[in-house]
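Single-structure report; data block below.
Quick caveat, the model's predicted, so the values are computed rather than measured. Reminder, nothing fancy here: chain letters follow the sequence lines and each chain counts from 1.
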Number of protein chains: 2
Amino acid sequence: MASSHGKQNGTSITDVAALADVSIATVSRVLSGRRTKDDDIARRVRKAAHELNYSVNSAASALRSDVSNTIALSMPATSTLMAASVVTAVSEAASTAHMQLLLGIDGTAAAQHRRIKTFCGHPTDGIIVLPCPRAGVSLTWGIATDTPIIQLLGSTNLLRHDWVSIDNGASVELAVTHVVERGAASVAYLSDEVASSDGAETLLAFQSSLNLLHVRTDNEWITIADGTVQRGFSDTMRMFAGRGADQIPEAVICSSSDTAIGVLIALGQLSINVPGQVQVVSLQDNEAAASSTPALTSMRAPLQQMAAESLRLIANAQANGSDTEMGARLGRHVMFPRLVIARQSTRESNDD
Amino acid sequence: MASSHGKQNGTSITDVAALADVSIATVSRVLSGRRTKDDDIARRVRKAAHELNYSVNSAASALRSDVSNTIALSMPATSTLMAASVVTAVSEAASTAHMQLLLGIDGTAAAQHRRIKTFCGHPTDGIIVLPCPRAGVSLTWGIATDTPIIQLLGSTNLLRHDWVSIDNGASVELAVTHVVERGAASVAYLSDEVASSDGAETLLAFQSSLNLLHVRTDNEWITIADGTVQRGFSDTMRMFAGRGADQIPEAVICSSSDTAIGVLIALGQLSINVPGQVQVVSLQDNEAAASSTPALTSMRAPLQQMAAESLRLIANAQANGSDTEMGARLGRHVMFPRLVIARQSTRESNDD
DNA sequence: TTGTACGCGTTATCAC
DNA sequence: GTGATAACGCGTACAA
């Protein structure tokens with residue numbers, strides 16, 4: 001019978017206590033680190049635990065202590081690399097904090113809503129939510145729980161929850177500054193989808209950065225289309241073929257790294273040197289960007305930091321108790337600019 | 001005190017029982033679906049549970065019943081899209097089976113070994129392991145547990161565990177058959193990294209498929225290099241520029257979709273029609289493949305099926321009890337060929 | 001410092 | 001079919 005449905009490793013704290021010849025309380029204290037002394041008793045306990053291949057039953061632990069050392073992550077089913085990086089970053093942050101990670105991926109806002117509700121039924125210290133593209137503020141409505149909920153990324157504010165996101169404006173300003181510091185006096189921008197508020201925000205910030213830094217651009221140098229390699233290739237051919245040095249931009253910023261790779265190939269065909277004559281920057285980083293020729297200078301969201309910040313906010317919410325007043329408190333909003341990963345498609349800095 | 005560390009939603013089964021005026025046993029039976037009748041009692045219970053926003057405490061449930069409805073997934077920190085798709089597929093399969101998913105991402109075999117050990121301490125119905133690239137068979141040694149462990153993908157067999165993986169040979173044979181059925185009499189193959197056993201297996205299967213189908217190839221048409229766009233571009237230029245129709249292959253198979261996109265761009269430059277004069281297939285599918293011009297015919301691992309199969313094997317292992325004899329049993333090996341996603345870079349089938 | 005005993009919320013068992 | 005009660009494994013207040 002024991003073997004028919006026995007999960008776990010049959011051994012329990014009682015077995016360890018018996019083998020080490022101490023009480024279960026002592027075992028509990030030693031293994032949870034609440035007994036700091038490293039004397040004979042502690043060693044005996046650890047030895048017994050090791051010999052029996054014992055590990056605490058987290059279900060019992062969570063039930064008893066109301067602390068599960070588990071966080072949950074709810075996110076949409078995007079096939080982009082960004083999503084994969086988020087999972088990795090959150091997983092690493094959880095590991096660092098000695099926490100387990102519960103993951104739920106859902107395609108629709110309704111499914112995500114149900115998911116979050118389910119997470120609340122589990123012994124979870126906090127929930128990180130990456131809202132579906134079209135999810136509105138109602139995503140977490142009607143969910144009454146003491147479990148802290150943190151919004152990570154997403155373009156619409158869930159309100160009432162703390163929110164960790166990317167500063168798109170500051171990011172593109174950093175990109176422009178990067179190429180200007182390296183000698184560019186004119187810049188082109190190949191954007192994909194301005195439909196989303198993120199895209200529009202980025203385009204706006206691009207233009208205001210140019211004003212601020214007194215950099216030249218041209219209506220023909222700002223194009224909006226899909227983010228493919230071929231689009232970068234054809235836009236570049238149109239923009240650069242058969243033009244003099246004063247008729248072409250000295251830098252190209254692309255919102256997609258595929259587009260930027262198309263730009264590189266086209267410039268190669270036109271025998272225009274990168275980064276000597278034209279610098280290229282991608283606002284998105286991935287494996288292809290790192291392995292292109294020349295390797296693409298790209299921007300990357302500091303996801304490790306953002307994941308760690310999310311966990312910090314969760315821990316904070318736990319410590320402060322549920323709410324100060326009546327839950328009317330609005331969430332904090334922490335924004336991180338993207339980092340510049342300098343590679344070979346932009347010049348050496350003058351400051352070096 | 002209750003509010004200072006209270007996880008969960010304060011309400012428990014007792015509250016529901018009181019409000020519905022039944023015993024806690026009945027509540028448990030109704031909500032777990034073990035009481036099929038849908039009479040007044042059942043409705044009262046469900047209504048009370050809904051009003052109190054009650055959801056079962058899974059920690060208590062797991063503790064008592066030894067069934068946690070939770071599976072764990074351990075995988076390496078690859079930044080490839082494939083990894084992201086695996087996570088999505090396993091997550092979906094888990095949702096379908098009404099299971100929670102515990103995720104652990106680790107960069108080294110040692111870390112992954114520790115991770116699996118940790119998972120065993122949790123109330124988990126099964127563990128799916130996607131071994132690190134360089135992990136050997138020792139990955140799960142010294143881990144004594146009743147929890148079923150299933151290997152998913154990976155190139156070295158963990159032995160003793162059931163293994164769900166991709167049939168590389170059958171996959172490339174399907175790719176060759178696909179273009180041959182559509183009229184190609186000669187095929188080129190642009191491979192990346194033959195270092196891995198997967199790559200070598202694929203190359204071998206490519207060559208034997210050609211023999212089998214009496215298709216022509218050429219030493220110069222089989223190249224091995226990185227998987228970048230530019231490599232596809234330059235290889236194609238070298239292979240096609242200035243040659244007659246009988247000196248070029250009628251189909252190109254690429255192991256990377258980036259390489260295939262480079263091939264498309266180069267053929268476009270050379271005014272060679274795709275798929276009219278040359279068909280192109282990528283053994284790897286992603287967003288870029290779908291949005292290129294023409295859209296790339298690609299192959300995709302049937303990850304949904306593979307994830308579902310993994311869950312089935314876990315359920316099976318549970319039902320059969322731990323082991324038949326002494327754990328000396330070797331795991332089953334289930335292989336799935338990749339699916340062909342027919343798009344515009346190959347012709348219409350003659351059979352249609 | 002160590003051990004005893006209780007209780008966390010749920011499901012399984014048994015009597016009705 | 002329903003209800004009372006024991007038990008799951010652990011953490012901790014309290015007694016020693």
Side-chain angles (χ1 to χ4, degrees), chain A residues 1-2 4-18 20-45 49 52-70 120-124 146, chain B residues 1-2 4-45 49 52-70 120-125 146:
Chain A
M1 171 122 208
S4 81
H5 69 299
K7 293 283 76 44
Q8 298 287 110
N9 194 336
T11 63
S12 94
I13 198 173
T14 316
D15 306 316
V16 179
D21 197 29
V22 292
S23 73
I24 60 166
T26 304
V27 174
S28 174
R29 287 191 270 252
V30 168
L31 295 182
S32 67
R34 224 166 317 111
R35 181 187 185 281
T36 47
K37 223 196 284 184
D38 188 17
D39 55 2
D40 185 54
I41 290 182
R43 262 169 309 203
R44 250 164 43 213
V45 170
L52 294 174
N53 208 336
Y54 168 81
S55 60
V56 300
N57 180 322
S58 64
S61 172
L63 177 60
R64 177 64 189 136
S65 65
D66 265 15
V67 171
S68 57
N69 284 323
T70 297
C120 289
H122 280 250
T124 293
D146 290 347
Chain B
M1 172 129 208
S4 81
H5 69 298
K7 293 284 74 47
Q8 298 289 108
N9 195 337
T11 63
S12 95
I13 199 173
T14 315
D15 306 318
V16 179
L19 183 57
D21 197 29
V22 292
S23 72
I24 59 170
T26 302
V27 175
S28 175
R29 286 190 271 252
V30 168
L31 295 182
S32 68
R34 223 166 326 115
R35 181 187 185 281
T36 47
K37 222 195 284 184
D38 188 18
D39 55 2
D40 184 54
I41 291 183
R43 265 179 305 239
R44 249 163 44 212
V45 168
L52 295 174
N53 207 336
Y54 168 80
S55 60
V56 299
N57 181 324
S58 64
S61 172
L63 175 60
R64 176 59 230 214
S65 66
D66 266 15
V67 171
S68 57
N69 284 324
T70 297
C120 290
H122 279 251
T124 292
D125 293 340
D146 288 347

Over how many whole Å does the gap from [X] atom [atom1] to [N] atom [atom2] extend?
X     : N     : atom1 : atom2 : answer
B/I41 : D/dG1 : CD1   : P     : 11 Å
B/D21 : D/dT2 : CG    : P     : 13 Å
B/L52 : C/dG9 : CG    : C1'   : 15 Å

> Does the pair B/R44 and B/D40 meet the rule for a salt bridge (Lys or Arg N to Asp or Glu O under 4.0 Å), with working shown?
Replying inline: CA-CA 6 Å; B/R44 249 163 44 212; B/D40 184 54; 3.1 Å; yes
> Taking only residues two or more places apart in sequence, or in another chain, which ones meet B/R29 in a side-chain hydrogen bond (donor to acceptor under 3.5 Å, both in side chains)?
Replying inline: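 Counting only residues at least two positions away or on another chain, B/R29 forms no side-chain hydrogen bond (donor to acceptor under 3.5 Å, both in side chains).
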Counting distance only, does the side-chain N/O of [X] pair as donor-acceptor with the main-chain N or O of [Y] below 3.5 Å?
X     : Y     : result
A/S65 : A/S61 : yes
A/D39 : A/A42 : yes
A/S28 : A/T26 : no

Could you state the interatomic distance from [atom1] ([X]) to [atom2] ([Y]), rounded to the nearest 0.5 Å?
X     : Y     : atom1 : atom2 : value
A/L31 : A/I13 : CG    : CD1   : 7.0 Å
B/Y54 : B/L19 : OH    : CG    : 13.0 Å
B/L63 : B/S58 : CG    : OG    : 11.0 Å

> Looking at five pairs on each end of the helix from C/dT1-D/dA16 to C/dC16-D/dG1, what is the angle between the two axes, given to 10 degrees?
Replying inline: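 Between the first-five-pair axis and the last-five-pair axis there is 40°.
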> Which letter, B, S or -, goes with each nucleotide of nucleotides 8-16 of chain D from 5' to 3', with contact meaning a protein heavy atom under 4.0 Å?
Replying inline: BBBBB----
